[in-house]
Amino acid sequence: GQKTWSEKKHPLAALTAATGFNILLSSYNRFVIRTGWATVGAEDFDKFWEKKPEWDPDWYWTNFFLHPYQGAQYYMASRGSNLGCASSFAVTFLGSLMWEYLCESTPPSINDQVYTSIGSFCVGEMFYRLSQEADSLNHLFALAVNPQRLWTEHVWQIKQKSTSGNINSLSLGFQLGNYTGITKTHGSGNLASSQTEIFPVLAGINF
């Protein structure tokens with residue numbers, strides 16, 4: 001009855017984690033939030049490789065927070081599958097490509113590909129190491145920091161190799177402020193509208 005852990009590298013576990021996360025997130029956006037860009041069909045998959053990447057005007061919150069955190073999910077699943085940093089970055093890049101070309105009806109975004117891939121390395125490695133350190137406090141807290149451990153540990157039975165230089169302290173700092181950003185959206189080459197993004201409360205996380 002003793003659990004047998006695998007300490008080998010499992011690239012298939014990492015790739016299926018990235019694919020599954022994309023399917024779950026895409027389904028949530030399509031069927032729960034009902035966003036238009038998440039409604040994809042056969043016409044979006046037909047010769048998807050011919051889609052021309054564009055620079056999108058998404059809001060600051062989407063580009064610099066949500067996309068790096070999304071990439072961190074691919075990255076943490078890869079690190080939890082005992083892949084190295086470079087291999088995890090490669091899986092993240094593939095996961096982001098899959099999202100841009102198959103999970104959105106809009107053209108692939110150049111900046112999203114960059115933010116998701118590069119941002120994942122910074123955010124994902126930090127949360128991966130913090131999750132390992134959190135195990136000494138509470139396993140549920142460790143799972144909250146790195147939810148991909150549900151897939152790598154509890155489904156694939158992979159034991160994460162310990163890392164050196166783990167983050168062992170976390171301080172949260174909050175500040176009140178106001179941030180306003182204006183995004184210009186274009187349709188058919190003409191200015192369609194301007195969207196305003198307002199953050200009445202700013203939160204900062206310091207490590």
Side-chain angles (χ1 to χ4, degrees), residues 6 9-33 35 37-38 40 56 58-104 106 108-135 138-163 166-167 170 172 203 205 207:
S6 173
K9 294 182 178 180
H10 291 271
L12 183 59
L15 290 171
T16 53
T19 302
F21 182 82
N22 280 343
I23 293 174
L24 287 175
L25 185 58
S26 180
S27 299
Y28 174 78
N29 288 323
R30 179 175 182 176
F31 300 109
V32 178
I33 302 181
T35 53
W37 54 261
V40 295
D56 76 37
D58 284 349
W59 289 353
Y60 176 90
W61 176 258
T62 301
N63 280 337
F64 293 99
F65 179 81
L66 296 181
H67 277 292
Y69 185 73
Q70 178 179 345
Q73 299 302 314
Y74 311 141
Y75 185 91
M76 290 188 293
S78 302
R79 295 287 278 133
S81 300
N82 289 330
L83 301 185
C85 294
S87 300
S88 299
F89 183 85
V91 172
T92 300
F93 187 81
L94 290 176
S96 181
L97 276 180
M98 183 190 307
W99 177 265
E100 293 297 327
Y101 281 86
L102 299 177
C103 299
E104 295 181 339
T106 55
S109 168
I110 298 174
N111 41 329
D112 287 353
Q113 185 70 44
V114 173
Y115 299 146
T116 303
S117 301
I118 297 180
S120 75
F121 179 78
C122 305
V123 179
E125 186 68 22
M126 176 184 66
F127 280 127
Y128 172 73
R129 297 191 179 208
L130 180 61
S131 176
Q132 287 193 334
E133 192 67 30
D135 262 331
N138 185 281
H139 186 61
L140 290 178
F141 176 51
L143 292 177
V145 175
N146 179 8
Q148 291 298 333
R149 292 179 65 171
L150 290 169
W151 179 252
T152 57
E153 288 186 7
H154 296 276
V155 176
W156 282 79
Q157 305 294 297
I158 301 172
K159 182 178 181 180
Q160 299 184 46
K161 294 181 180 179
S162 60
T163 59
N166 287 339
I167 301 172
L170 173 65
L172 300 178
I205 302 179
F207 293 94

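Quick caveat: nothing in here was measured; it's all calculated off a predicted structure. In this chain, numbering begins with 1 at the start of the sequence shown.
Salt-bridge annotation for R79 and E125: present, with a side-chain N of the basic residue lying under 4.0 Å from a carboxylate O of the acidic one.
Between F64 and Y115, the ring centre distance stays below 6.0 Å.
Remark: side-chain polar atoms of Q132 are paired, donor with acceptor, to backbone N or O of K161 under 3.5 angstrom. Judged purely by atom type and a 3.5 angstrom limit, N63 uses its side chain to pair as donor or acceptor with the backbone of D58. Under a 3.5 Å cut-off, the side chain of E104 and the backbone N or O of Y101 do not form any donor-acceptor pair. At distances below 3.5 Å, at least one donor-acceptor pair connects side-chain atoms of N82 with backbone N or O atoms of K159. Judged purely by atom type and a 3.5 angstrom limit, T116 uses its side chain to pair as donor or acceptor with the backbone of D112. Without hydrogens or angle criteria, Q160 side chain to G80 main chain gives no donor-acceptor distance under 3.5 Å.
The minimum heavy-atom distance between L83 and A14, with the atom names listed, is CD1-CB, 3.9 Å. Smallest separation of non-hydrogen atoms from A38 and S26: CB-O, 4.1 Å. For the pair A18 and V91, the tightest heavy-atom approach, listed with the atom from each and the gap, is CB-CG1, 4.5 Å. Of all non-hydrogen atoms in S88 and S78, the two that sit nearest each other are OG-CB, 3.3 Å. For the pair C103 and V40, the tightest heavy-atom approach, listed with the atom from each and the gap, is C-CG1, 3.8 Å. Considering all non-hydrogen atoms of both residues, A13 and I158 come closest at CB-CD1, 3.9 Å.
No donor-acceptor contact under 3.5 angstrom links the side chains of T35 and R30, judged on distance only. Between the side chains of Q113 and S96, at least one donor-acceptor pair of N or O atoms lies under 3.5 Å.
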- Please step through side-chain contact (heavy atoms from CB on, under 4.5 Å) for the pair Y128 and Q148, ending with a clear verdict. CA-CA 10 Å; Y128 172 73; Q148 291 298 333; over 6 Å; no

- Start with the C-alpha distance between S81 and H10, add both sets of side-chain angles, then the distance that settles side chain to side chain donor-acceptor pair (under 3.5 Å), and finish with yes or no. CA-CA 5 Å; S81 300; H10 291 271; over 6 Å; no

- Task: Test side-chain contact (heavy atoms from CB on, under 4.5 Å) on T19 and M98 and set out the steps.
- Result: CA-CA 8 Å; T19 302; M98 183 190 307; 3.4 Å; yes

- Query: What do the steps show when you test F141 against D135 for side-chain contact (heavy atoms from CB on, under 4.5 Å), and what is the final call?
  - Reply: CA-CA 7 Å; F141 176 51; D135 262 331; over 6 Å; no

- CA sep, side-chain torsions, deciding dist, call: T16, W156, side-chain contact (heavy atoms from CB on, under 4.5 Å): CA-CA 11 Å; T16 53; W156 282 79; 3.9 Å; yes

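Y74 has its side chain out of reach of S120: every pair of non-hydrogen atoms, C-beta onward, lies at least 4.5 Å apart. With a 4.5 Å cut-off on side-chain heavy atoms, F89 and S117 count as touching. When side chains are defined from C-beta on, E153 counts as touching H139, because their heavy atoms get closer than 4.5 Å.
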